[in-house]
Amino acid sequence: MMRKKLSVVVSVYNEEQALPLFYETAKPILDGLSWDYEILFVNDGSRDGSLGFLQELTLHDNRVKLVSFSRNFGHEAAMIAGIDYASGDAIVCMDADLQHPPACLPEIVERLEEGCGVITMVRTRNESAGIVKNITSAGFYWLINTLSDVKFEANASDFFAVSRQAADVLRGNYREKVRFLRGYVQNIGFSRATIAYEARERAAGESKYSIRKLFAFSINTILCFSNLPLKLGIYAGGMAAVMGIAVMIYTLCTRRGAPSGYATIVILNCFMFAVLFLIVGIIGEYMAILFNELKDRPIYIVEVTRNLEDKGEG
Ligand code: UDP
Ligand code: MG
């Protein structure tokens with residue numbers, strides 16, 4: 001029987017310092033597995049020496065594959081490209097900075113052997129993320145789980161494994177332009193397992209996610225996975241109508257002449273406009289997402305591949 005193959009997808013953006021460490025750490029662990037393997041690096045438009053290092057590496061190790069983008073498309077796009085190009089019986093996505101310890105790989109393979117389709121790696125402790133990141137992350141998961149019908153695991157990370165069958169679902173469907181890969185992975189079903197791991201400090205280099213990027217990302221995710229904000233308009237409209245009827249009845253019954261309610265009118269006006277603009281803004285956000293989907297631009301554009309057949313864009 002042929003040995004099964006594990007594809008390890010590693011997204012790389014300006015990681016020239018971390019890459020040699022990653023390779024040296026992961027290589028012996030992968031060599032010790034019962035499965036065959038490939039390491040598929042996806043270079044997401046790095047501007048440092050990452051691409052050079054990886055190209056060099058592919059010459060010496062034919063288990064190392066490389067997909068290199070024409071520019072930076074983001075971490076999610078890199079993971080999707082990795083899943084598209086991977087040829088293994090199962091795929092693990094992980095970061096290049098060793099925050100996702102390769103030491104977990106044997107346990108992942110064990111679960112895969114047992115027939116798991118989706119393995120979520122859950123971090124038990126995040127040393128490097130500050131208190132602000134941890135609190136905002138908790139708030140985000142609370143909000144999205146309240147608003148959306150699909151459920152999200154709070155500490156799930158971008159470290160996960162999927163069987164070939166689950167990967168095919170991600171390859172074929174879920175090609176949204178505005179997206180949250182982790183959300184899909186957690187909601188496509190299949191038999192699932194979770195493995196806890198301890199998130200380490202970054203091995204080298206610095207984090208590419210700023211709070212601002214994360215905030216924009218969170219808003220998009222909430223809008224992509226919930227229609228509830230769109231219904232705010234209906235609720236607000238209903239409330240305003242009830243209030244209006246009450247005031248009308250009150251005015252008719254008391255039959256006062258010229259009312260002296262200048263302040264009330266100004267306050268009510270401001271309040272109503274605030275609600276109105278908020279709702280228009282929310283609709284605008286959804287329109288922006290629709291617009292992006294409609295344009296149907298590629299999720300990523302590939303410039304260079306090594307040890308792979310070329311497929312172009314996706
Ligand atoms: N990354 C990427 N494209 C980007 C930003 C990041 O491919 O635009 C990669 C990065 O090289 C790393 C992983 O995604 O392997 C996670 O990024 P980072 O470690 O900066 O995020 P953090 O762990 O701090 O959340
Ligand atoms: Mg990291």
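Just follow the structure's listing: the first ligand is 1, and inside any ligand the first atom is 1.
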- Determine, step by step, whether Ser50 and Glu16 satisfy the side chain to side chain donor-acceptor pair (under 3.5 Å) criterion, reporting the C-alpha distance in whole Å, the side-chain angles of both residues, the deciding distance to 0.1 Å, and the verdict. CA-CA 4 Å; Ser50 299; Glu16 65 180 355; 5.8 Å; no
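The Gln99 neighbourhood of ligand 1 comprises atoms 19 (O), 22 (P), 23 (O), with distances under 4.0 Å to a heavy atom of that residue.
Considering backbone and side-chain atoms alike, Lys213 places every N or O at 3.5 Å or more from each N or O of ligand 1. Looking at Ala96 next to ligand 1, an N or O pair under 3.5 Å apart turns up.
For Lys65 and Thr58, the side-chain atoms include no donor-acceptor pair closer than 3.5 Å. Side chains of Tyr37 and Asp31: a donor on one and an acceptor on the other come within 3.5 Å. Residues Tyr13 and Asn43 bring no donor and acceptor atom of their side chains to less than 3.5 Å of each other.
Between atom NE2 of residue His100 and atom CZ of residue Arg123 there is a gap of 7.0 Å, rounded to the nearest 0.5 Å.
The one candidate from Arg164, Lys5, Arg3 that meets the salt bridge (charged side-chain N to carboxylate O under 4.0 Å, His left out) condition with Asp89 is Arg164. Checking each of Tyr174, Tyr141, Phe217 against Phe180 for a ring-ring contact (aromatic ring centres under 6.0 Å, His included) leaves exactly one that passes, namely Phe217.
Residue nearest to atom 9 (C) of ligand 1, selected from Ser11, Gly82, Ser46: Ser11 (by heavy-atom distance). Closest heavy-atom approach to atom 19 (O) of ligand 1 within the set Asp97, Val10, Asn72: this belongs to Asp97.
Looking at Asp97 and the Mg ion (ligand 2) together, the shortest N, O or S contact belongs to OD2.
Contact annotation for Val42 and ligand 1: no heavy atom of the residue comes within less than 4.0 Å of the ligand. Contacts between Glu15 and ligand 1, counted as non-hydrogen atom pairs separated by less than 4.0 Å, involve the side chain only. Residue contacts with ligand 1 for Asp44 involve side-chain atoms from C-beta outward but no N, CA, C or O (heavy atoms, distance under 4.0 Å).
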